[in-house]
Amino acid sequence: MTSISPPSDKHWWKEPIEKAELIWIAIVVVWGIILTLMMPFWHVYGKQNLSSEAYKTTPEVYMKKVQAGVDQYTVRTDNGKPVVKPPVGSDVYMLGRLWEWWPVLELQVGQSYRLHLASMDWQHGWSLQPANLNVQVLPGYDMVMTVTPNKVGEYSIVCNEYCGIGHHMMLGKIHVVE
Amino acid sequence: MNANTDFRICPESGLKIHRPAEALIKANAVLAVVFLLVGGVLGLLVGLTRWPEVHLLPADAFYKVLTGHGINVLIFWIIFFEVAVLHFASAVLLNSRMATPKLGWASTGLMLVGALLNNYAVLVKGNSSVMMTSYVPLPADTLFYVGLILFAVGALIHCFIFLGTLVIARGERTYEGSLPLVSFGALVACIIAIFTIASGAVILIPTLAWNLGLISHVDPGVYRLIWWAFGHSSQQINVATHVSIWYLTAALLFGAKPLSEKVSRFAFFLYIAVLQIASAHHLLVDPGLSAEWKIFNTSYAMYLAVMASMVHGLTVPGSIEAAQRAHGLNSGFFEWLRKAPWGNPVFSAMFLSLVGFGVLGGITGVVMGTEQINLVIHNTMYVPGHFHGTVVVGTTLAFMGITYWLVPVLFRRDLILKGVARWQPYVFAAGMSGVALFLMGAGTLGVPRRHWDILFSSAGAGNGYEFSAAALTLMSLNGLSAVLAALGGAMYIGVVVGSILFGRKLAENEKVGTLMVRAAPPAEKYHNIGMGTITIPGTMVLVGVFFVAFALYYFINWKFLAETWGLS
Ligand code: HEM
Ligand SMILES: [Cu+2]
Ligand SMILES: [Cu+2]
């Protein structure tokens, strides 16, 4: 009798379980519970939790909001792109489109902002480097997350969802200052 | 002769083989290997292009080749092979005739047409570089979707033929009692496949309609939810299938039986029980999904499936250990393992697949499927790193191993280049483990997946981002590993295709050797094996080491997460 023949005992479900199996199953079940509990635990005690706030939007509506931020808070340009320095705690808008993240932002370290992200066309991947924070950006969804930069410096945003032939040139920037 | 009674007896195993089933199994296995060859060459080109110093292909070719790579290996190679495994685990293992072989040929034909159309759209027409995920609204050629749908329909019919064979075997009483464990595992794979293909239809048919202009819009968020219901559960098919092959190999080469039928079968059953919502861990950083939804659906679904795999991770080597001990290799912790047939590629491939799947694929899958940790992993190179651990070192290597067994048994050819075959699993496992590890390392340092130019030489002055030297070095090491893996793949294809075409024909009742099938040890030899009340102490040590590594690595990743920006 092997694993490719029918069980020798017709009532195989009544056979006792090996002790080694029982020990391992107990470990595995406890571990599964720990893995599960770590997530709510981090919601309470951890500092990195993605909010679920999001709104349906359209490219036109979203563009207006981005443009309003640019008109109001641009402090200079950087490589041809406006650098927007929004008030601490405010709603900040960035968009992804073929093939750039726009505009550039300037944020203060240790301060929080409500950052909005949406795509104007195809799906994009907002990948903040070197902080290595990655979220999926979809057309039609305005995603809001409260970000708190923890180190001064120049951050790049790479696109890590394939979005057509210019995908690898799709970049953006955030300056984090004192 | 009546096709229903056209049988031969296998001289190796004594199984009664239905010739029409055998022919169909062979055809699907051969097609699988052909698509592995195509997809593997494309994979090598991908690896060479992502090697920063080599950067082989231009951008547009790279994205075509990457799309073709993913689809040819993940879908066509694996599913053609799975069709072969399904019919083997039903008709052959149950000594039964197969239901409707003619319909089987038609379905395989449909799958082939679908695969060719899809490849034509991606590689020849070249207007379908949408990656295997084809996320809307990025458009592909109509033939891209049509090809996938035809392929899926063919695979679905094969599932029903498999079920039909089970009904026939039961009706004609070709076996007594319950299904053998391996056939039960195949049944689980088949049930998951039916669910999977249904989800695939729910999303691909509207996408085709949108592509044809019949409907105006497919919501990208909804697309991702349903696409991954199909994309993730299809990975559960692969797991159920390769775990079945592990048990099959253990039964063939060691005469092993399950430690307990109940535990192994329940672990298989869990894969079905937790199916529907497992797509959640692909959507952990998508907009608008609540934390409650994500936590419930990853933990309820994922960790139960993880538990199931961890149980198989004990019971498969445990069943080998127990059989080896019953065969007399009962001293110390590891005599059974030391004296295993490491020179037999059927065994070495199976064991490397088991270890690689658990360590490289399993641990990392749990890490990146954790709601918050996904923030530092999503869409980085870590993701392909992870699944080259699961679906390549795990599934693909398991399939390779069993092919070395099937060539003499079904094709009745002696293997050529036995020395090459002997080394092949080691070369492939080493190369692919390198790919998996180095990609995961690069991903941890932020390197994006599906990206042609991480040096940003094309982005224009002042625009680029400089990845750390360590990240670039890891990508170069990945390139080297890719070459080694491709060599391992070529060795496999060379031996298998060469043997089928040129191998010495085996005479009607000739056996190729004792390595192929070992009789089960008599039941009483199982008494008094192991140490004290633990019959499998060696396996307990192995899973203990695994568990410690798992726990350490899991918490290290929480530490990585804690170092990034605050987010709420
Ligand atoms: C010679 C062997 C192989 C090499 C060198 C290789 C290399 C790679 C690399 C470097 C990537 C990541 C590319 C990127 O995201 O930019 C990749 C993607 C991928 N590989 Fe492989 N691979 C090989 C074999 C396989 C096999 C056998 C399978 C499946 C059974 C597989 C499945 C995939 C899939 C599904 C993707 C993702 C494609 C996408 O992002 O859409 N690979 N491969
Ligand atoms: Cu993009
Ligand atoms: Cu992109």
Side-chain angles (χ1 to χ4, degrees), chain A residues 1-7 10 12-13 15 17-21 24-25 27-29 32 35-36 39-40 42-43 46-52 54 79 122-123 125 127 129-136 138-141 143 145-150 156 158 160-162 164-165 168-169 171, chain B residues 60 93 131 135 137-138 175-178 180-182 220-221 247-248 251 255-263 285-291 295 299 303 307 310 314 371-372 375-376 378-379 446 448 450-453 458-459 462-463 465 520 533-536 540 543 561 564-568:
Chain A
M1 207 286 297
T2 68
S3 301
I4 55 173
S5 41
K10 277 206 163 177
W12 50 264
W13 55 89
E15 282 171 3
I17 299 176
E18 287 264 345
K19 187 169 165 199
E21 286 180 300
W24 183 237
I25 291 170
I27 294 174
V28 165
V29 168
L35 294 177
T36 306
M39 295 186 283
W42 201 263
H43 275 279
K47 293 207 170 60
Q48 292 81 13
N49 292 288
L50 187 62
S51 100
S52 56
N79 240 324
W122 294 339
Q123 302 197 18
S127 176
Q129 298 299 338
N132 199 16
L133 204 53
N134 307 279
V135 299
Q136 189 82 15
L138 307 183
Y141 289 83
M143 180 184 200
M145 50 193 200
T146 302
V147 296
T148 314
N150 62 353
S156 290
V158 172
N160 67 7
E161 184 57 77
Y162 177 71
I165 189 61
H168 47 270
M169 293 184 276
L171 287 152
Chain B
D60 61 336
L93 288 185
M131 309 294 135
Y135 290 142
L138 189 66
Y175 66 98
E176 287 296 320
S178 305
L181 179 64
V182 171
Y247 282 115
L248 171 65
K257 65 177 172 98
L259 294 173
S260 70
E261 296 277 355
K262 197 164 29 184
V263 171
V285 297
D286 274 31
L289 301 172
S290 75
I295 292 178
S299 57
Y303 301 140
M307 288 178 196
M310 286 173 76
L314 173 91
E371 196 214 351
Q372 296 93 338
L375 283 161
V376 292
H378 181 74
N379 272 358
R450 299 176 164 174
H451 199 283
W452 178 68
D453 187 17
S458 56
N463 268 330
Y465 170 69
T533 53
I534 300 291
T535 51
I536 49 167
M540 289 307 271
V543 296
L561 175 70
T564 190
W565 287 16
L567 206 60
S568 59

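Keep in mind that the numbers below use all heavy atoms, side chains included, and drop hydrogens, waters and symmetry copies. Letters A, B, ... mirror the listed sequences (proteins, then strands); counts begin at 1.
When all heavy atoms of Ala520(B) and Thr2(A) are compared, the closest pair comes out as CB-CG2, 3.7 Å. Here the shortest heavy-atom pairing between Ala131(A) and Thr564(B) reads O-OG1, 2.9 Å. Shown here for Ser3(A) and Ala251(B), the closest heavy-atom pair between the two residues is N-CB, 3.9 Å. Taking each heavy atom of Pro6(A) and Glu176(B) in turn, the nearest pair found is CB-O, 3.1 Å.
Interface residue Ser51(A): backbone and side-chain heavy atoms are both found under 4.5 Å from chain B. Residue contact with chain A, scored on non-hydrogen atoms closer than 4.5 Å, involves the backbone and the side chain of Met310(B) alike. With a threshold of 4.5 angstrom between heavy atoms, Leu375(B) approaches chain A through its backbone and through its side chain. At a 4.5 Å heavy-atom cutoff, the contact between Ile534(B) and chain A is made by side-chain atoms alone. For chain B, the nearby parts of Val147(A) are the backbone and the side chain; heavy atoms of each come within less than 4.5 Å. For a residue to count as touching a neighbouring chain, one of its non-hydrogen atoms must lie under 4.5 Å from one of that chain's; by this rule Leu171(A) touches chain B with the side chain only. Only the side chain of Ile25(A) has a heavy atom closer than 4.5 Å to any heavy atom of chain B.
If you take NZ on Lys10(A) and OG on Ser178(B), they are separated by 8.5 Å, rounding to the nearest 0.5 Å. Rounding to the nearest 0.5 Å gives a distance of 10.5 Å between NE2 of His378(B) and CG of Leu50(A). Annotation: the span from Leu35(A) atom CG to Met307(B) atom CE amounts to 7.5 Å, rounded to 0.5 Å.
Top candidate by heavy-atom pairs under 4.5 Å with chain B, chosen from Met145(A), Lys47(A), His43(A), is His43(A). In terms of heavy-atom pairs under 4.5 angstrom with chain B, the leader among Trp13(A), Trp24(A), Trp12(A) is Trp24(A). Your options are Met1(A), Gln48(A), Gln129(A), Met169(A), and the one with the most heavy-atom pairs under 4.5 Å with chain B is Gln48(A). Ranking Val182(B), Val376(B), Leu248(B) against chain A, the residue ahead of the rest is Val376(B), based on heavy-atom pairs under 4.5 Å. Ranking Asp60(B), Ile536(B), Leu138(B), Asp453(B) against chain A, the residue ahead of the rest is Leu138(B), based on heavy-atom pairs under 4.5 Å. Contact count against chain B (heavy-atom pairs under 4.5 Å) is highest for Asn150(A) among Val158(A), Ile17(A), Asn150(A). Chosen from Leu259(B), Val285(B), Val263(B), the residue pairing most often with chain A at heavy-atom distances under 4.5 Å is Val285(B). Between chain B and the options Gly46(A), Gly32(A), Ala54(A), Pro149(A), the largest number of non-hydrogen pairs under 4.5 Å is found for Pro149(A). Among Arg450(B), Glu261(B), Met131(B), the residue with the largest count of heavy-atom pairs under 4.5 Å with chain A is Glu261(B).
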What do the steps show when you test Lys262(B) against Glu15(A) for salt bridge (Lys or Arg N to Asp or Glu O under 4.0 Å), and what is the final call? CA-CA 8 Å; Lys262(B) 197 164 29 184; Glu15(A) 282 171 3; over 6 Å; no
Decide yes or no on side chain to side chain contact (heavy atoms under 4.5 Å, CB included) for Ser52(A) and Leu289(B), but give the supporting numbers first. CA-CA 5 Å; Ser52(A) 56; Leu289(B) 301 172; 6.0 Å; no
Starting from the C-alpha separation in whole Å, work towards a yes-or-no answer on side chain to side chain contact (heavy atoms under 4.5 Å, CB included) for Thr148(A) and Leu567(B). CA-CA 6 Å; Thr148(A) 314; Leu567(B) 206 60; over 6 Å; no
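Under the 3.5 Å distance criterion, with hydrogens and angles disregarded, no donor-acceptor pair is assigned to the side chains of Asp286(B) and Gln136(A). Between the side chains of Lys19(A) and Thr533(B), at least one donor N or O sits under 3.5 Å from an acceptor N or O.
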